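Note sheet for the following structure.
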Amino acid sequence: MRLRWLVPILLGAFFGGTFPAESGTLYTYVVKMLPPSGTNGQVPVLTCGWHDGSCGTTSTGTFLDWDNTSSNAVYFRGFFSRGSSPYETTRLIGRRVRLTGGNFDCERQDVVVADTALLKIRGIMRYLHIDMNSNQEFPIATAGNDTYNVKFIGNIVNDTGCGLWNGTHVHAGYPATYTVSVYSMRYSNTQRFPGGDYCTPGVNCSSYTNTSSTNWTHKFTWPGP
């Protein structure tokens, strides 16, 4: 089901809209995003640690760079939990928003995680250097334990016209500029992944299985019905 009614509400959230108060039984939601490149079960290589704009030895930020691991496919991939609740697919949706792109020009899209019960944005993941295969919303399943979700969102592109381009990879993380509009606590897994620095795949880069809960890259948590 396409939730077209949610579009103006989401746009309002980006610019500081108002929302219903939380009430009733509250659960703790936990979203753990995983490495986005490669098909399920592959082991993509991290080509740059935490950074924002460009990678370098002094870089810090909320983004990581991932090699394509024999497949240019990029996925919105992660584990989603909702307290002790049963399995369901109606609480959260993902909505894709294309920001820039075309002609090798820093192609970029956001995937917004929205709470349909309270009409709030709960998380935003940004992906740079990939095309956008669709702008349709998609349901996100939750349950009382880690529920795996995966959605194909595009392919890595040749972004040689982009100043942030340094070879085939996807640059993924959450945008700090949306701090005010996101109603959740946000974390970068700095204990698992290193700080910003270039490395060479197959030489001095580390690999991470993209379906392992240990390898979560970003986390969002919040209370809700």
Side-chain angles (χ1 to χ4, degrees), residues 2-4 6-15 31-40 44 46-48 50-55 61-69 71-78 80 92-116 120-140 149-182 184 186 188 210 216-220:
R2 296 193 64 190
L3 301 178
R4 294 182 181 277
L6 192 56
V7 175
I9 296 170
L10 290 178
L11 293 176
F14 281 129
F15 298 101
V31 171
K32 291 182 284 188
M33 301 304 302
L34 298 170
S37 63
T39 55
N40 293 335
L46 185 71
T47 62
C48 182
W50 297 111
H51 63 290
D52 274 333
S54 59
C55 188
T62 62
F63 288 83
L64 297 170
D65 285 356
W66 296 95
D67 190 24
N68 62 340
T69 315
S71 169
N72 284 324
V74 177
Y75 296 84
F76 174 84
R77 175 187 282 124
F80 294 74
L92 302 178
I93 65 162
R95 177 168 179 78
R96 284 166 281 186
V97 181
R98 184 175 186 175
L99 301 176
T100 59
N103 298 320
F104 316 130
D105 183 24
C106 293
E107 296 192 87
R108 182 175 68 183
Q109 69 170 288
D110 283 355
V111 178
V112 176
V113 177
D115 183 333
T116 64
K120 292 183 178 180
I121 294 174
R122 297 301 190 178
I124 301 171
M125 287 297 294
R126 176 165 292 175
Y127 304 89
L128 191 65
H129 311 315
I130 72 169
D131 63 10
M132 183 169 172
N133 68 319
S134 171
N135 62 0
Q136 292 185 332
E137 299 94 352
F138 57 91
I140 297 173
N149 285 258
V150 60
K151 182 69 175 180
F152 173 64
I153 58 172
N155 289 298
I156 298 174
V157 297
N158 180 336
D159 235 358
T160 50
C162 179
L164 303 178
W165 178 251
N166 287 285
T168 303
H169 72 280
V170 56
H171 169 90
Y174 60 72
T177 53
Y178 285 166
T179 300
V180 176
S181 66
V182 178
S184 64
R186 300 181 301 165
S188 300
N210 61 16
W216 65 269
T217 60
H218 304 80
K219 183 165 66 174
F220 307 95

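Below, all heavy atoms of this structure are taken into account, side chains as well, without hydrogens, waters or symmetry copies. The shown structure was predicted, so the numbers you read here are calculated from the model rather than taken from an experiment.
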Checking side-chain contact (heavy atoms from CB on, under 4.5 Å) against P35, which of W66, W216, Y75 comes through? W66
Output for pair (D159 CG, D131 CG), nearest 0.5 Å, gives 10.5 Å
Hey, what do you get for OG1 (T116) to CZ (R122), rounding to the nearest 0.5 Å? 10.5 Å
Heavy-atom side-chain proximity of F220 to I121 below 4.5 angstrom: no
Spell out, as yes or no, whether a donor-acceptor pair under 3.5 Å connects the side chain of N210 to the backbone of P36. no
Contacts of F63 that satisfy ring-ring contact (aromatic ring centres under 6.0 Å, His included) - sequence neighbours left out: H171
Could you grab the distance from atom CD of E137 to atom CZ of R95, nearest 0.5 Å is fine? 4.5 Å
Given side chains that start at C-beta, do those of V111 and F138 come closer than 4.5 Å, heavy atoms only? yes
If we only count heavy atoms from C-beta on, is the K151 to I140 side-chain gap below 4.5 Å? no
Correct closest heavy-atom pair for P175 and I124 would be CD-O, 3.6 Å
Where the side chain of N158 meets the backbone of T160, is there a donor-acceptor pair that is under 3.5 Å apart? yes
Pairing donors with acceptors under 3.5 angstrom, does anything connect the side chains of D65 and H129? no
Ignoring hydrogens and angles, tell me if any N or O in the side chain of Q109 forms a donor-acceptor pair with the backbone of G154 under 3.5 Å. no
Do you know the tightest heavy-atom contact between A73 and F152? CB-CE1, 3.8 Å
Exercise: identify the closest heavy-atom pair between D67 and T168: OD1-O, 3.5 Å
Here the gap from F80 atom CZ to M33 atom CE, rounded to the nearest 0.5 Å, amounts to 5.0 Å
Does W50 have any ring-ring contact (aromatic ring centres under 6.0 Å, His included) partners at least two apart in sequence or in another chain, and if so, which? H218
For residues L34 and V150, determine if any side-chain heavy atom of one lies less than 4.5 Å from a side-chain heavy atom of the other. no
Compare every heavy atom of T39 with every heavy atom of R77, then report the nearest pair and how far apart it is. NH2-C, 3.6 Å
Rounded to the nearest 0.5 Å, how far apart are NZ of K32 and OG1 of T217? 11.5 Å
Does the side chain of R96 reach to within under 4.5 Å of the side chain of Y127, using non-hydrogen atoms? no
Rounded to the nearest 0.5 Å, what separation is found between the NE2 atom of H169 and the CG atom of N68? 11.0 Å
Between T62 and Y174, is there a donor-acceptor pair closer than 3.5 Å when you use the side chain of the first and the backbone of the second? yes
Do E107 and M132 touch side chain to side chain, with heavy atoms closer than 4.5 Å? no
